[in-house]
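What follows is one structure encoded as structure tokens, with my remarks underneath.
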Amino acid sequence: MAFDYTPYIRKDKFPNIWCPGCGIGILMKAIIRAVHKMGWKREDVALVSGIGCTSRMPGYVNFNTLHTTHGRALAFATGIKHARPDKHVIVVSGDGDALAIGGNHFVHACRRNIDITLMVLNNMIYGMTGGQVSPTTPAGYRASTMPYGNVEPNFDTVALASGAGATFVARSTVNNPALMERQIKEGLQNKGFSVIEVVSNCHIQFGRRNKMGDQIVMRHWIKDREVPLRKAKDMSEEELQGKFVIGTFVKKTRPEYTEEYAKMVERVKGSSK
Amino acid sequence: MAHRTGIEVSLAIAEAARQAEVEVISAYPITPQTHIVERLAKMVADGDLEADFITVESEHTAMSAAVGASLAGARAFTATSSQGLALMDEIVYLASSLRTPVVMALANRSLSGPISIWNDHSDIMNVRDAGWISIFANNGQEAYDLTLMAYKIAEDHRVLLPVMISFDGFILTHMIEPVCVFDDEEIKGYLPPFNPPYKADPEHPVTFGPVGVPDIYTEAKKQQDFAIRSSISVIKEVFADFEKEFGRKYKPVESYMAEDADVILLSQGSVYETTEIAVDRLRKEGKKVGSAEVRLWRPFPFEDLRKAVANAKVVVVLDRAISFGGQPGPLLGEIRSALYPLEKKPGVIGVTAGLGGRDIMIQDYEKMFEYGYNYLKTGKEPEAVTIVGLRE
């Protein structure tokens, strides 16, 4: 039987604002399925976003949701998790939101290992504002603010998250909704900060500027560049240039921030008696 | 010679920045400002403008980089809106206190929340006291002209302050309007080369931005206020020279049919032009009405305002933002305070309209005048906050 999304969405808010063929819907559905499989009650889940195309998701999903300002979703989410450490906090972000204007919060959430699951939908461009260059626009590709090709090197979300200390780091693409769902579920299970990057197509702003074709062609473009992690291990850095390595990169245990905080409070209370 | 052309107002502003030969542009995408800097990015990439375009990671960085560039001796430009300006705020104060003549194009948009990309004046009011020279443009031509004049004012050694030009988001930014664009030759030499008296210089190293201990902070702030207050004479001079040279007239306080008006509707930005239509309609009915605009928002043109509304019986102030729990409109508070010392002064009442992109119709302006006449008759003020066009 097909999965019934209706308890998890706000039907009256549809149709959504995303362009036909956008990958964000695939991510939204994967999040819903993952939460469903966790068996969590909708009331126990908070979904937080910043500004951008991906950040419109809080309007459509039927959890506790919060749509904040550009780049600050993780900061708001940190407050929510602090106040209610027993609840589940999910953040959805785009590449500009999470890695440019919100880059500071991104690295510090990784460092603290706070129990939040962050999804970064990487469409390699600022989609909502009209296709400006973002920190993940691949070098050489065009954007409205880089009309002859991007001269800046791009961030590797996975390397950044791993280096900054996230305890679960994975990447998938819009071509792999089942894998995406499994990774999100693992992220939700992880007691700590989880980062799941989803490489997606923005055929409207990124694809059009780079003459890449429609959403189908762009999904093929992404698919042609997908390399499973186990295969990537045997490939050279040069061979991996411009590829999207997919899989789980980090899965480790480290003390979680809100638990450590609670322990400290207990310890200080105990010593003052 | 200048040619009159149909051009999107954002692109006209970008054209003005190019003709001002800006050297560093730093900006971050935000609606509805984005077209301005996208066009500048293309000009730089095409080699039509010898400048560096920095694709920064936030507005906070955009303003920081602009200030840095200015201190290093480059003519700097940035543009933003709403939340972008709010995020810049910390450095907006630094730009003025470091006396960097940065120019910012501000496409006015409402502040969150709720999130709104549409037009009102809450963003500009948030930086009212930041020490920038602040001027409103009411149409595409003015946005273009004022962007050029902004550098003339900012870089004058008697001024050395940043200037922001405000123009209504979407209502102006995304409209194609007839604009007289100068030929490059014609405007060449209008701005002398940027030559700040103090800049980073490897030969003579200096420090910018050190701590102001209690011993000197007060004096520094007094100097800053003196500088912006005195800049009004330079602003008027630049306006007058521009008129002499190019024939378009700008005044710190604009007015229409105000000389003999009983009731004046006072506003800022693109709505001012629409209030003129309402004035024409009411004049035909025999009502002695007029309209006015505080174009120069900072430094506040006290004398010009007093002259412009001196003969009126009532001034109705239209605010495009709310001072929550306060005056209740930032413009209303300023106008009342500016007129208070006068012995013979008009009554001043306030209305609010056009928040977050809500259209203001001609009938709405007529309603605002009605509030003025009602006040004349009964002495009764509209209660705080009276929003014309509110759905109840």
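What you see is a predicted model; the values in this text were computed from it and never measured. Throughout, a chain's letter reflects where its sequence line sits, starting with A, and its residues are numbered from 1.
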Between A:Arg142 and chain B, with a heavy-atom cut-off of 4.5 Å, which part of the residue counts as in contact: side chain, backbone, both or neither? neither
Give a yes or no on whether A:Phe155 atom CZ has more than 12 heavy-atom contacts from other residues, nucleotides or ligands under 6.0 Å away. no
Side chain, backbone, both or neither: which part of A:Thr68 has an atom under 4.5 Å from a heavy atom of chain B? backbone
Looking at B:Glu50, I'd like to know if its CD atom is crowded, meaning that more than 12 non-hydrogen atoms belonging to other residues, nucleotides or ligands lie closer than 6.0 Å. no
Side chain to side chain, A:Ile101 and B:Glu59, heavy atoms closer than 4.5 Å: yes
Is it true that, when you exclude A:Lys87 itself, more than 12 heavy atoms of the residues, nucleotides or ligands shown sit nearer than 6.0 Å to its NZ? yes
Hey, are the side chains of B:Thr55 and A:Met146 touching, using non-hydrogen atoms and a 4.5 Å cut-off? yes
So which heavy atom on B:Ala41 is nearest to which on A:Ser144, and how close? CB-O, 4.1 Å
Under 4.5 Å from any heavy atom of chain B, what part of A:His67 do you find: side chain, backbone, both or neither? both
In this structure, are over 12 heavy atoms from other groups packed under 6.0 Å from B:Arg39 atom CZ? no
At what distance, to the nearest 0.5 angstrom, does CD1 of A:Ile51 lie from CD1 of B:Ile30? 8.5 Å
Between OG on residue B:Ser58 and CG on residue A:Asn104, distance to nearest 0.5 Å: 10.0 Å
Residue selection (most heavy-atom pairs with chain A, distance under 4.5 Å) from B:Leu87, B:Ile117, B:Val37: B:Leu87
Measuring heavy-atom distances to chain A, does B:Glu38 have an atom under 4.5 Å in its side chain, in its backbone, in both, or in neither? both
Rounded at 0.5 Å granularity, tell me how far OH in B:Tyr28 sits from OG1 in A:Thr145. 10.5 Å
Side chain, backbone, both or neither: which part of B:Thr34 has an atom under 4.5 Å from a heavy atom of chain A? side chain
If you apply the rule side chain to side chain contact (heavy atoms under 4.5 Å, CB included), what do you find for B:Glu57 with A:Leu99, and how did you get there? CA-CA 8 Å; B:Glu57 65 278 8; A:Leu99 303 175; over 6 Å; no
